[in-house]
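One structure, as structure tokens, below. Some questions next.
What you see is a predicted model, and the numbers here were worked out from it, not measured in a lab. Below, chains carry the letters A, B, ... as their sequence lines are ordered, and counting in each starts from 1. Atoms considered below: every heavy atom in the structure, side chains included; atoms not considered: hydrogens, waters and symmetry mates.
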Amino acid sequence: MPYQVPRGMRDILPVEIGRWQALEQRIRALAERFGFRELRTPVVEHTEVFARTSGEESDLVQKEMYTFTDRGGRSLTLRPEGTAAVMRAYIEHGGSSWPQPVKLYYIAPMFRYDRPQLGRYRQHAQFGAEIVGVPGPEADAEVIGLPIRLMQSLGLAQVEVRLNSIGDPVCRPRYLEALRDYFSRYTDALCADCRRRLQTNPLRILDCKEEGCHRIAREAPTIYGYLDAACREHFEGVQAHFQALNIPFVLDPFIVRGLDYYTRTAVEVYSGKLGAQNAMFGGGRYDGLAEQLDGPPTPGVGFGLGLERLLLVLEQEGLPIPAVEAAPTVFVVAVGGAARREAIRLVDELRQAEIAADRDLLNRAVRAQMRHADKLGARVALILGDAELATREATLRMLATGDERRVPLAQVTSAVAAIVDGRP
RNA sequence: GUGGCCGUAGCUCAGCCUGGUAGAGCGCCUGGCUGUGGCCCAGGAGGUCGCGGGUUCAAGUCCCGUCGGUCACCCCA
């Protein structure tokens, strides 16, 4: 085995690409029906774009970034998440002067240096969408409704949406103080990570999975008593709009999100079919993000959804997406040099008529050519030999039934077009 | 970054315990059918047994290391 793909990365082979293409097509159609337009950003950004926005304390920055120095001495990082890059592009190109609000989506690879396991890869694909420029809760419901409707349209009926508010820079500090007060009484019982988080980010203690920490966290004060009027009003607005959209959700005060830029709304959706890596999508509001990138104050809300995980869940639920097929309509089988030359011309003519056509390139026996036509899933075999050439005809064989008839060469394309249209 | 399990043909796996000439099914190619696919039959190609070291007369098999996969932890999509 001379070379292998880098750890945690994978090749998507032709036998499975049809599912990816089908999923991506559906996503694009749905996102655009929702009024989102695609934004493509480079796969790398200046490291600070992620380091400053996600937070120095976040796991993403601490241990998951693919960072390198380019030949000019710049520190660049392979995009570990989409939102910061979208906001960087929005600010750079003067998004505030575009028709407001701005609704953007992306389907793009993300890179995180992590230990691989089922549903977790060092390169994975995410579908994400953002609404920039709307401070009110209608945008939260609008953008989070998108992946919900996507999953429903794929047949995932009961997805559980876990919703929370983590406050904003006005009210969250008071809550963090309350958490510090509370957890300080139990420092001996907290794990080492959480003792550190007590100083750096006590919110994160809330979703620590350590048994001891978890037990203590369960009794911790929730943020609900600390949200100020504006945050509470926003939170209630999001819930009201979810209800109006008939999106079921549960309130979960332990959803805190791993990145620092989130404000107010935080959501995560899980599947029981994914083992330990069970998050399907996550997202929230990030009203302070633009300023962290030295841009003007700009509200935003969005999500990121893991495509590998979505495909895995669909597979395990017995709901595979019908793959995009790439079978030729016509396979031209040629016997002999003159027929081969005619086949080259005929295949080209069919292709110019927008009919998928293919032929043998290995100079193989008729039998092998027929076998190949069958394996490719062609609907029609066009057989060209001396007998046909003598009368300027081709034998048109329907592979499903074995029915055959002779067609003049000049009428082959229209005959095949008729078959494609369902007129045999 | 920590721990458990697993690496033999393109794929799924047997052989390992008890060291002694590397196997099966599927897939691929060819032929049976010299101009007709699927089904069937026959043949062929394809492997430094993940890699490196050690023990031994002899290692796919035993030991150590390493890389990769997988599951769990951390955390996330």
Integer angstrom distance from the C1' of B:rC73 to that of B:rU61: 33 Å

Complementary nucleotide for B:rC62 - Watson-Crick or wobble, under 3.5 Å: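 Across any shown strand, B:rC62 pairs with B:rG54.
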
Does A:A387 reach a base, just sugar-phosphate, or nothing at all? Heavy atoms under 4.0 Å.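 Here A:A387 touches the bases of the nucleic acid.
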
Which of these, A:R10, A:E308, A:M9, sits in a side chain to side chain contact (heavy atoms under 4.5 Å, CB included) with A:H124?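 Single side chain to side chain contact (heavy atoms under 4.5 Å, CB included) partner of A:H124 among A:R10, A:E308, A:M9: A:E308.
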
Step-by-step side-chain hydrogen bond (donor to acceptor under 3.5 Å, both in side chains) determination, A:D358 to A:H372: CA-CA 10 Å; A:D358 208 348; A:H372 195 55; 5.9 Å; no

What nucleotide, of B:rG35, B:rG37, B:rC75, holds the atom closest to the side chain of A:D386?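 Nearest to the side chain of A:D386 among the choices is B:rG35.
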
Could you tell me which nucleotide pairs with B:rG43 by Watson-Crick or G-U wobble geometry, both distances under 3.5 Å, or answer none if nothing does? B:rC29

Under 4.0 Å, heavy atoms only, any strand: does A:R257 hit a base, just the sugar-phosphate, or nothing?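 Sugar-phosphate contact only.
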
Would A:D287 and A:R285 satisfy salt bridge (Lys or Arg N to Asp or Glu O under 4.0 Å), going step by step from the backbone distance to the final call? CA-CA 6 Å; A:D287 291 344; A:R285 179 162 278 278; 2.9 Å; yes

Before giving the answer on side-chain hydrogen bond (donor to acceptor under 3.5 Å, both in side chains), spell out for A:R28 and A:Q25 the whole-Å C-alpha distance, their side-chain angles and the decisive distance to 0.1 Å. CA-CA 5 Å; A:R28 286 178 201 288; A:Q25 281 177 12; over 6 Å; no

Answer for the Watson-Crick or wobble partner of B:rC49, both distances under 3.5 Å, is none

Which whole number of Å gives the distance between the C1' atom of B:rA45 and that of B:rG31?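 So the two C1' atoms sit 14 Å from each other.
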
Provide, to the nearest angstrom, the distance between the CG atom belonging to A:L203 and the P atom belonging to B:rC75. 14 Å

Report the distance from atom CD1 of A:I148 to atom C1' of B:rA77, rounded to the nearest whole Å.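 Checked: the CD1 to C1' distance equals 15 Å.
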
Which heavy atom of A:E48 sits nearest to which heavy atom of A:S75, and what is that distance?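 Answer, listing the atom of A:E48 first, then A:S75: OE2-O, 4.2 Å.
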
Check whether any side-chain nitrogen or oxygen of A:R397 sits under 4.0 Å from OP1 or OP2 of B:rG38, and answer yes or no.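 For B:rG38, OP1/OP2 do not have a side-chain N/O of A:R397 under 4.0 Å.
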
Between B:rU36, B:rU70, B:rA77, which nucleotide gets closest to the side-chain atoms of A:E404?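 Of the candidates, B:rU36 comes closest.
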
Nearest to the A:R7 side chain among B:rG35, B:rU70, B:rU36, which nucleotide is it?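 The closest nucleotide is B:rU70.
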
OP1 or OP2 of B:rA72 sitting under 4.0 Å from any side-chain N/O of A:Q117?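 Checking B:rA72 against A:Q117, a side-chain N or O does come within under 4.0 Å of OP1 or OP2.
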
Among B:rG35, B:rC73, B:rU70, which is the nearest nucleotide to the side chain of A:V335?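 The answer is B:rG35.
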
State which of B:rC71, B:rA77, B:rG32 makes the closest approach to the side chain of A:R367.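 The answer is B:rG32, which lies nearest to the side chain.
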
Rounding to the closest angstrom, what is the interatomic distance between B:rA9 and B:rA24 at atom C1'?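 Rounded to whole Å, the distance is 11 Å.
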
Please list, pair by pair, any protein nitrogen or oxygen found under 3.5 Å from a nitrogen or oxygen in nucleotides 28-30 of chain B.
| unit_1 | atom_1 | unit_2 | atom_2 | d |
| --- | --- | --- | --- | --- |
| B:rC29 | OP1 | A:R364 | NH1 | 3.2 |
| B:rC29 | OP2 | A:K375 | NZ | 2.8 |

Can you establish whether the number of heavy atoms outside A:D181 located under 6.0 Å from its atom CG is more than 12?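 Correct, the count exceeds 12.
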
Step through the shown structure and confirm whether more than 12 heavy atoms of other residues, nucleotides or ligands are within 6.0 Å of OH on A:Y270.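 For A:Y270, atom OH is crowded (more than 12 foreign heavy atoms under 6.0 Å).
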
Please work out if A:G377 contacts a base, only the sugar-phosphate, or nothing of the nucleic acid, heavy-atom cut-off 4.0 Å.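 Nothing: the residue A:G377, judged by heavy atoms under 4.0 Å, touches no strand.
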
Exceeds 12 heavy-atom contacts within 6.0 angstrom, atom CD of A:E349: yes

Nucleotide nearest A:L118 when distance is taken to its side chain, options B:rG37, B:rC71, B:rG69: B:rC71

Can you figure out which of B:rA77, B:rC75, B:rG69 approaches the side chain of A:P116 most closely? B:rG69

Describe the nucleic acid contact of A:Y121 in one word from base, sugar-phosphate, nothing, applying a heavy-atom distance below 4.0 Å. base

Which nucleotide, in any strand shown, forms a Watson-Crick or G-U wobble pair with B:rU70, with both distances under 3.5 Å?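 Per the H-bond distance test, B:rG4.
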
Looking at every strand, decide which applies to A:G402 at a 4.0 Å heavy-atom threshold: base, sugar-phosphate, or nothing. base

Give me the distance, rounded to whole Å, that separates B:rC64 from B:rG46 when you measure between the P atoms they each carry.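 B:rC64 and B:rG46 have their P atoms separated by 35 Å.
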
With a 4.0 Å cut-off on heavy atoms, is A:E388 in touch with a base, just the backbone sugar-phosphate, or nothing at all? base

Integer-rounded Å distance: B:rC74 P and A:R120 CZ: 10 Å

Would you classify A:G119 as touching base, sugar-phosphate or nothing, given that sugar-phosphate means primed atoms plus P, OP1 and OP2, and contacts are heavy atoms under 4.0 Å?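 Base: the residue A:G119, judged by heavy atoms under 4.0 Å, touches a nucleobase.
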
How long is the line joining CZ of A:R122 and P of B:rU70, in whole Å? 11 Å

CA sep, side-chain torsions, deciding dist, call: A:R79, A:E45, salt bridge (Lys or Arg N to Asp or Glu O under 4.0 Å): CA-CA 7 Å; A:R79 171 178 55 208; A:E45 293 281 345; over 6 Å; no

Between P on B:rA77 and CG on A:L311, what's the gap in Å once rounded to a whole number?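 After rounding, the gap between these two atoms is 17 Å.
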
Under-3.5 Å donor-acceptor pair between A:K63 side chain and B:rC75 base: no

Atom C1', compared across B:rA14 and B:rC26: separation rounded to whole Å: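 To the nearest whole Å, 15 Å.
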
Once you apply a heavy-atom cut-off of 4.0 Å, does A:A339 come out as touching a base, just sugar-phosphate, or nothing? nothing

Take the protein atom CG of A:L382 and the nucleotide atom C1' of B:rG37, then report the distance between them rounded to whole Å.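 Rounding to the nearest Å, CG of A:L382 and C1' of B:rG37 are 14 Å apart.
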
Quote, to the nearest angstrom, the C1' distance that separates B:rG44 from B:rG27. 14 Å

Distance between P atoms of B:rC57 and B:rC51 (Å, rounded):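 25 Å, rounded to whole Å.
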
Is the NZ or CZ atom of A:R37 both under 6.0 Å from the centre of the six-membered ring of A:Y105 and within 45° of that ring's axis?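 The answer is no; the distance or angle limit is not met.
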
Reckon A:R10 touches a base, only the sugar-phosphate, or nothing at all at heavy-atom distances under 4.0 Å?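 Answer is nothing: A:R10 stays at 4.0 Å or more from every strand.
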
Identify the nucleotide, in any strand shown, that forms a Watson-Crick or G-U wobble pair with B:rG23, with both distances under 3.5 Å; if there is none, say none.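 B:rG23 is paired, partner B:rC13.
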
Please classify the nucleic acid contact of A:G304 as base, sugar-phosphate, or nothing, using heavy-atom distances under 4.0 Å.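 Sugar-phosphate, no base atom in range.
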
Complementary nucleotide for B:rG38 - Watson-Crick or wobble, under 3.5 Å: none

Taking only the C1' atom of each, what is the distance from B:rG7 to B:rG47 in whole angstrom? 14 Å

Write down the distance between OH (A:Y262) and P (B:rC76), rounded to a whole number of angstrom.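 Value for this atom pair: 10 Å.
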
How long is the line joining CZ of A:R204 and C1' of B:rC75, in whole Å? 7 Å

Is it true that, when you exclude A:N246 itself, more than 12 heavy atoms of the residues, nucleotides or ligands shown sit nearer than 6.0 Å to its CG?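 It does not: A:N246 CG has 12 such atoms or fewer within range.
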
Of A:F281, A:Y106, A:Y262, A:Y286, the residue whose pairing with A:F303 passes ring pair (Phe, Tyr, Trp, His ring centres under 6.0 Å):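 Per the ring pair (Phe, Tyr, Trp, His ring centres under 6.0 Å) rule, the option paired with A:F303 is A:F281, out of A:F281, A:Y106, A:Y262, A:Y286.
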
With sugar-phosphate meaning primed atoms plus P, OP1 and OP2, does A:M110 contact a base, only sugar-phosphate, or nothing at under 4.0 Å between heavy atoms?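 The answer is nothing, as A:M110 stays clear of every strand by at least 4.0 Å.
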
Is any N or O donor-acceptor pair between the side chain of A:R115 and the base of B:rG3 shorter than 3.5 Å? yes

